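Heads up, the thing below is written out as structure tokens.
Per chain, numbering begins at 1; letters A, B, ... match sequence-line order. Note that the structure is a prediction, hence the values are computed from the model and not measured. All values below were derived from every heavy atom in this structure, side-chain atoms included, with hydrogens, water molecules and symmetry-related copies excluded.
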Amino acid sequence: MTTYLRNPLTIVWALLTAVTVVSWLTARDGGAAHLVNVTVTVVVLAIAAVKAQLVIWHFMEVRRAPTWLRATTAGWVVVLFALLIGFYFQSL
Amino acid sequence: MVLFVVAYLLFPIFWPPLSPTLSPEEVAAFFRDNTTGILGVVILCNLIAGSLVPLFAVTAVQISRVTTSSSVFTYAYILCVGIGMTAFILADYCWGVAAFRPDRDPQLISLLNDMAWFFFIAPVGTVIVQCLCFALSVYLDEHSEPIFPRWVAHFNIVVAALLVPSAFTVLFKTGPLAWDGAVSFTLRLIVFAVYVVVTFLVLLRTVNRQGADRVALV
Amino acid sequence: MTAVATTARRSIPGAPSMWFFVIGDLIIFGCYFVAYMYYRGQDHTLFLHSQARLNLDIGAINTIVLITSSLFVALGTAAARAGTVTDAVRLFGIGLGFGAAFPLLKLFEYVPEIVGGVTPGTNLFFMFYFVMTGMHLCHVLLGLVVISFVIRNLRTAPTPNISLAETGATYWHMVDLLWLVLFALLYLMR
Amino acid sequence: MKSKKRDQWIAFWMVPAFFNVFGLVFVPLSWMMPPRSPNAPEPQMISFMQSHNLLIACALLTLVYGFAPVGNSIYLIQIKRMSVSPVFRYTLMVGSITGAIVGMLFPMFCFGLGAFRSGYRPSILLMLYDFGYLAFIGSLGCFCIMWMAFALAIILDQNNVLPKWLGYYTLWQYVTELMAAPVWISKSGPFAWNGLMTFWFAMALYVPWQIIVYVCIYRSIKNQPDDELESAWLHQTSPATDVRPKATA
């Protein structure tokens with residue numbers, strides 16, 4: 001059973017959890033909760049984009065899928081986060 | 001069926017149906033002075049609507065026996081019956097509620113009365129589709145000896161055509177097309193009654209003839 | 001097991017209709033996220049104040065719970081594909097266990113909030129919060145059902161149905177992915 | 001060649017006509033859809049309620065709404081061909097019956113009633129206004145079970161009458177119905193009954209869905225093998241008279 005834990009997926013998992021914990025701590029006692037803090041948001045959104053891409057590639061095994069699937073999923077991540085950040089700055 | 005006839009006798013209170021032009025106050029007055037009559041009609045109407053459903057259900061069974069390529073008409077027929085009857089019963093509720101406490105604010109009474117009339121007219125739409133489905137299923141019957149005689153289909157088409165004008169009672173307050181107008185009200189009731197009676201007789205014949213080959217409902 | 005470098009398979013993991021559903025769902029949730037960001041842009045202060053009242057810790061723990069359950073589900077599919085069914089069942093079981101923890105934690109988060117008077121009606125942020133997390137919760141519950149079907153199939157069927165396992169895994173990863181974005185948008189953003 | 005499936009085709013073509021009339025009645029004629037915001041200024045609401053063409057819309061609807069069951073019956077016969085239990089058909093049947101009254105007929109009457117008689121006090125008119133819109137957009141239950149039954153039937157079906165992805169698409173219909181829940185709570189902003197999230201996303205998903213479903217049903221009626229038809233036993237050469245297929249419900 002444990003032979004499976006030395007799987008590349010677990011490394012991805014470790015990375016994801018580490019990043020989540022980091023962003024959790026920064027958000028908890030980072031900038032004051034009531035201020036529009038641009039840097040935190042951009043960092044958080046970037047981390048979320050990276051996490052999303054990691055999940056898609058490794059967990060959903062899209063890395064080895066045909067190119068059109070890789071393109072659509074990567075495209076979705078890029079377009080979504082670009083729109084999110086765009087709207088965020090547009091409203092500042 | 002019998003209930004339908006009985007209600008018809010009690011119906012006279014409604015016989016000169018309220019002309020839509022009445023102002024709310026008069027409507028309230030009308031409700032006040034003959035509440036008992038109205039409540040009687042309401043209770044009976046509920047029973048009638050209930051009793052009509054089995055009649056239409058039997059027609060649905062017969063339609064399912066008609067061999068067309070699929071049972072699309074049976075389903076459409078069942079759905080129409082479901083919708084039509086609920087609308088009919090809703091009309092009673094509105095009258096009942098209005099008559100239940102006639103000393104309500106007249107505007108509310110007249111609103112309830114209007115709503116009752118609206119719902120009373122609503123089944124027109126579904127009855128038309130019912131007749132069309134019935135007629136189409138008879139026309140398209142590829143059965144060697146058709147289950148329904150041809151004239152039943154023609155009869156349905158005529159019934160559907162006659163009912164069409166009464167859908168426009170919503171628009172007019174006076175004249176033939178209004179609630180109490182000759183065309184929409186009286187014609188509709190007569191046609192409906194005749195339709196029910198004729199379907200009843202036709203069913204009696206087909207059910208007896210059907211005795212030979214038992215087929216489950218669609 | 002890790003040495004098996006699966007060649008660049010041209011086939012999509014799982015049933016193609018599931019991928020249609022996954023991509024469509026991503027697009028729909030994407031629209032919701034963009035709408036959320038647009039309405040957040042109009043009223044930063046309200047969103048920030050109400051956001052401060054959210055329970056960040058449960059949110060973070062939930063993220064980690066979902067990622068771990070995703071890991072085990074992924075390992076389970078790999079095991080199923082390699083044919084060792086008993087391990088696959090156990091891995092999927094653990095994944096299901098973690099997955100089931102998510103709704104429980106969600107309850108611990110919702111109940112005190114609602115008791116504390118925070119309901120969807122209070123303000124726009126909480127409406128977005130409850131609607132989006134509610135929708136996501138429905139997806140999670142559906143995902144749990146799908147995974148239990150996969151486990152039942154692995155345990156009972158003589159030859160494990162690989163594509164069912166992959167479809168279930170793909171759906172579960174999508175649910176995890178959506179939560180990652182939701183977590184960032186609702187809890188961490190400032 | 002006299003197509004054997006003529007009754008299905010008649011029913012099939014009846015429905016797009018109905019939906020066009022339906023669309024015409026709602027949008028351009030009475031400008032009911034797209035809906036006004038829940039807290040529009042009162043005089044505007046009252047003037048809307050008094051507009052005469054609401055009545056025309058009402059009359060047309062009473063005439064035409066009978067064709068909605070025909071549309072649903074087309075779904076039903078497709079489900080009947082699937083290898084799923086009749087439970088889905090009954091749910092869809094009951095759902096469509098309640099749905100037609102609660103979701104379509106009653107709201108229309110509320111608007112019609114408002115316009116029918118001019119003497120109403122504003123408070124009654126506003127009540128009718130809210131009642132109409134909430135019943136029309138807020139009615140979740142019956143449509144939810146309808147689309148859920150239809151979606152599950154397609155997904156679980158083995159003999160693949162309708163494509164699987166259509167099943168998932170119908171599942172989103174169910175999701176958008178759920179999204180309409182906040183309509184009862186919020187009066188303005190994206191979650192009101194004319195808000196972006198509840199109304200427009202649902203509409204953006206519903207309209208293409210309706211068209212796609214009809215294309216798929218068109219295809220499935222077309223390539224339904226003739227021997228599968230219920231009237232097939234009639235044309236069989238074998239003279240056996242009692243080979244009547246048991247028409248299970």
Tell me, do [X] and [Y] make a side-chain contact under 4.5 Å, heavy atoms counted?
X        : Y        : value
A/Trp76  : C/Leu177 : yes
C/Leu185 : A/Leu45  : yes
A/Leu80  : C/Leu26  : no
A/Phe81  : C/Val181 : yes

| Interface moiety of A/Ile56 toward chain C, non-hydrogen atoms closer than 4.5 Å |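 Only the side chain of A/Ile56 comes within 4.5 Å of chain C.
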| task | Could you tell me which portion of A/Val79 (side chain, backbone, both or neither) has an atom closer than 4.5 angstrom to a non-hydrogen atom of chain C? | result |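 No part of it gets close to chain C.
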Under a 4.5 Å heavy-atom cut-off, does chain A meet the side chain of [X], its backbone, both or neither?
X        : answer
C/Thr68  : both
C/Ile23  : side chain
C/Phe183 : side chain
C/Asp176 : side chain

| request: Report the residue from A/Val12, A/Leu15, A/Thr20 that forms a side-chain contact (heavy atoms from CB on, under 4.5 Å) with C/Ile67. | output: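 Considering A/Val12, A/Leu15, A/Thr20, a side-chain contact (heavy atoms from CB on, under 4.5 Å) with C/Ile67 is found only for A/Thr20.
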Nearest-0.5 Å distance, [atom1] of residue [X] to [atom2] of residue [Y]:
X       : Y       : atom1 : atom2 : result
A/Leu84 : C/Arg40 : CG    : CZ    : 11.0 Å
A/Leu16 : C/Leu66 : CG    : CG    : 11.5 Å
A/Phe87 : C/Tyr36 : CZ    : OH    : 14.0 Å

| field | Enclosure of C/Phe20 CZ (heavy-atom neighbours >12, cutoff 6.0 Å) | value |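 For C/Phe20, atom CZ is crowded (more than 12 foreign heavy atoms under 6.0 Å).
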| message | Counting neighbours of OH on C/Tyr110 that are heavy atoms of other residues, nucleotides or ligands and sit closer than 6.0 Å, is the number greater than 12? | response |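 Yes, because the 6.0 Å sphere around OH of C/Tyr110 holds more than 12 heavy atoms from other groups.
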| Leading residue by heavy atom contact count with chain A [cutoff under 4.5 Å; candidates C/Ile64, C/Ile27, C/Asp57, C/Leu180] |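 Option with the top pair count is C/Asp57.
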